[in-house]
Peer 1: 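The structure's right below; bear with me while I get my questions together.
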Amino acid sequence: MFDKNHFLEVCKKISKNTLMETLEIEFIDAGEDFLKAKMPVNPRVHQPMGLLHGGASVALAESVGSAASIMFINPELQEVRGIEISANHLKAKREGTVYGTAKIIHKGRTLHLWEIRIEDEEGKLISLCKLSNMVLPRRK
């Protein structure tokens, strides 16, 4: 049975001393087929014109999509690697918070395909991303 609180704690733990911590990405909700995280939009993630950097949006998308794949593997025996990501940036954002929600599209034994919607506080779509993760045997 899926334990939301335990899974969010796992996500928080694996984020320590990583890009997720640097960008202040926080995992906030999870279900059996999705994971949601938030990221503040501030100068730390701006491009030179004061807008949310597309790379920061992609970092949020890959972070939430890769972490979401962990719910479908045995972390003691397997690990996840992002192998392809694409993003369409649809709306600019200067400040506030963005939310990335990863939903599973395909869950195979060795390949997971995720759709990640990055939205603002009002639910307006900022970026639409697609992430492919490969499931590999854990290296000893």
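Worth saying up front: this structure is predicted, and the values here are computed from it rather than measured.
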Peer 1: Determine whether L77 and V135 fall in the same hydrophobic cluster, where Ile, Leu, Val, Met, Phe, Trp and Tyr are linked whenever their side-chain heavy atoms lie under 4.5 Å apart.
Peer 2: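 No: no chain of side-chain contacts under 4.5 Å links L77 to V135.
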Peer 1: Check whether any side-chain heavy atom of V64 sits under 4.5 Å from a side-chain heavy atom of T101, and report yes or no.
Peer 2: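 They are not in side-chain contact.
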Peer 1: So, does H112 use its side chain to make a donor-acceptor pair with the main chain of H106 at under 3.5 Å?
Peer 2: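 No; zero donor-acceptor contacts below 3.5 Å.
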Peer 1: Of all heavy-atom pairs between F72 and I104, which one has the smallest distance, and what is that distance?
Peer 2: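 That closest heavy-atom pairing would be CE1-CD1, 3.9 Å.
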Peer 1: What closest approach, in Å, do L51 and A92 show between heavy atoms, and which atom pair accounts for it?
Peer 2: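 For L51 and A92, the tightest heavy-atom pair comes out as CD2-CB, 3.9 Å.
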Peer 1: Which pair of heavy atoms, one from L60 and one from G100, lies closest together, and at what distance?
Peer 2: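 Closest approach of L60 to G100: CD2-N, 3.9 Å.
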Peer 1: Decide yes or no for V80 and M134: does some side-chain heavy atom of the first lie under 4.5 Å from some side-chain heavy atom of the second?
Peer 2: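 No, too far: nothing below the 4.5 Å cut-off.
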Peer 1: Measure the spacing between CD1 of I118 and OG of S127 and express it to the nearest 0.5 Å.
Peer 2: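 It comes to 5.0 Å.
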Peer 1: So F7 and I70, do their side chains get closer than 4.5 Å, heavy atoms only?
Peer 2: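 The answer is yes, as the side chains (C-beta and beyond) meet within the 4.5 Å cut-off.
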Peer 1: Does the structure place the NZ or CZ of K38 under 6.0 Å from the centre of the six-membered ring of Y99, at an angle of no more than 45° from the ring's axis?
Peer 2: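 No - K38 does not lie over the ring of Y99 by the 6.0 Å and 45° rule.
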Peer 1: Heavy-atom count around E95 CD within 6.0 Å, excluding the residue itself: above 12?
Peer 2: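 Check fails, neighbour count at 12 or below.
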Peer 1: G96 and E121: which non-hydrogen atoms are nearest, and at how many Å?
Peer 2: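 Taking every non-hydrogen atom into account, CA-OE2, 3.1 Å.
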Peer 1: Under 4.5 Å between any side-chain heavy atoms of V41 and R94, yes or no?
Peer 2: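 The answer is no, as the side chains (C-beta and beyond) never meet within the 4.5 Å cut-off.
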Peer 1: Side-chain contact, heavy-atom cut-off 4.5 Å: E62 with L131?
Peer 2: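 They are in side-chain contact.
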Peer 1: Working to the nearest 0.5 Å, report the span between CG of L111 and OG of S69.
Peer 2: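 Interatomic distance, L111 CG to S69 OG, rounded to 0.5 Å: 8.5 Å.
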Peer 1: Run the numbers on K91 and D120 for salt bridge (charged side-chain N to carboxylate O under 4.0 Å, His left out), then give the verdict.
Peer 2: CA-CA 10 Å; K91 186 173 177 6; D120 67 9; 5.1 Å; no
Peer 1: Is there side-chain contact between R138 and E79, with at least one heavy-atom pair below 4.5 Å?
Peer 2: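 Sidechains of E79 and R138: in contact.
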Peer 1: Tell me whether I116 shares a hydrophobic cluster with L19, the cluster being built from Ile, Leu, Val, Met, Phe, Trp, Tyr side chains joined at under 4.5 Å.
Peer 2: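 They do share one cluster, since a chain of ILVMFWY contacts under 4.5 Å joins I116 to L19.
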Peer 1: Starting at CG of N42, measure out to CE of M39 and round the result to the nearest 0.5 Å.
Peer 2: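 These two atoms lie 8.5 Å from each other.
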Peer 1: Does the E21 side chain pair with the main chain of N17, one donor and one acceptor, at a distance under 3.5 Å?
Peer 2: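 Side chain of E21 to backbone of N17: a pair is present.
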Peer 1: What closest approach, in Å, do G65 and A102 show between heavy atoms, and which atom pair accounts for it?
Peer 2: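 Looking at all heavy atoms of both residues, the shortest contact is CA-CB, 4.0 Å.
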Peer 1: Let me see the working for E24 and R44 under side chain to side chain contact (heavy atoms under 4.5 Å, CB included), right down to the final yes or no.
Peer 2: CA-CA 10 Å; E24 299 179 55; R44 181 178 292 193; 3.1 Å; yes
Peer 1: Looking at every non-hydrogen atom in both residues, tell me the closest pair between A87 and H89 and how far apart they are.
Peer 2: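 Heavy-atom minimum between the residues: CB-CE1, 3.8 Å.
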Peer 1: Dump the intermediate steps for side chain to side chain contact (heavy atoms under 4.5 Å, CB included) on K130 and L113, then the final yes or no.
Peer 2: CA-CA 7 Å; K130 184 175 71 173; L113 179 61; 3.6 Å; yes
Peer 1: Can you tell me how far CG of L35 sits from NZ of K4, rounded to the nearest 0.5 angstrom?
Peer 2: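 Atom-to-atom, K4:NZ and L35:CG are 11.0 Å apart.
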Peer 1: Does E122 have any side-chain hydrogen bond (donor to acceptor under 3.5 Å, both in side chains) partners at least two apart in sequence or in another chain, and if so, which?
Peer 2: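 Result, side-chain hydrogen bond (donor to acceptor under 3.5 Å, both in side chains) vs E122: K124.
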Peer 1: Looking at NZ of K36 and CD of E26, how far apart are the two atoms once the value is rounded to the nearest 0.5 Å?
Peer 2: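 The NZ atom of K36 sits 12.0 Å away from the CD atom of E26.
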Peer 1: If we ignore hydrogens and angles and just use 3.5 Å, is the side chain of E9 paired with the main-chain N or O of N5 as donor and acceptor?
Peer 2: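 Here the side-chain-to-backbone pair does not exist.
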Peer 1: Starting from L8, can I reach F2 by hopping between I/L/V/M/F/W/Y residues whose side chains sit under 4.5 Å apart?
Peer 2: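 F2 and L8: one cluster.
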Peer 1: Set out, in order, the CA-CA distance, both residues' side-chain angles and the distance that settles side chain to side chain contact (heavy atoms under 4.5 Å, CB included) for K103 and D33, then state yes or no.
Peer 2: CA-CA 6 Å; K103 291 188 179 178; D33 65 349; 5.9 Å; no
Peer 1: Is F34 reachable from W114 through a run of hydrophobic residues whose side-chain heavy atoms are each under 4.5 Å from the next?
Peer 2: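 No, W114 does not connect to F34 through the hydrophobic network.
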Peer 1: How long is the gap from NE2 on H6 to CE on M71, to the nearest 0.5 Å?
Peer 2: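 Rounded to the nearest 0.5 Å, the NE2-CE separation comes out at 12.0 Å.
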Peer 1: Tell me if a side-chain donor or acceptor on T18 pairs with a main-chain N or O of S15 at a distance below 3.5 Å.
Peer 2: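 Looks like yes, one N/O pair under 3.5 Å.
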Peer 1: Examine distances only and state if a side-chain atom of E115 and a backbone atom of I105 form a donor-acceptor pair shorter than 3.5 Å.
Peer 2: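 Checking the backbone N and O of I105 against the side chain of E115, no donor-acceptor pair under 3.5 Å is found.
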Peer 1: Do V58 and I85 make a side-chain contact, defined as non-hydrogen atoms from C-beta onward lying under 4.5 Å apart?
Peer 2: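 Yes; the side chains approach each other to less than 4.5 Å.
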Peer 1: Indicate yes or no: at least one non-hydrogen side-chain atom of S57 is less than 4.5 angstrom from one of V98.
Peer 2: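 No, their side chains stay 4.5 Å or more apart.
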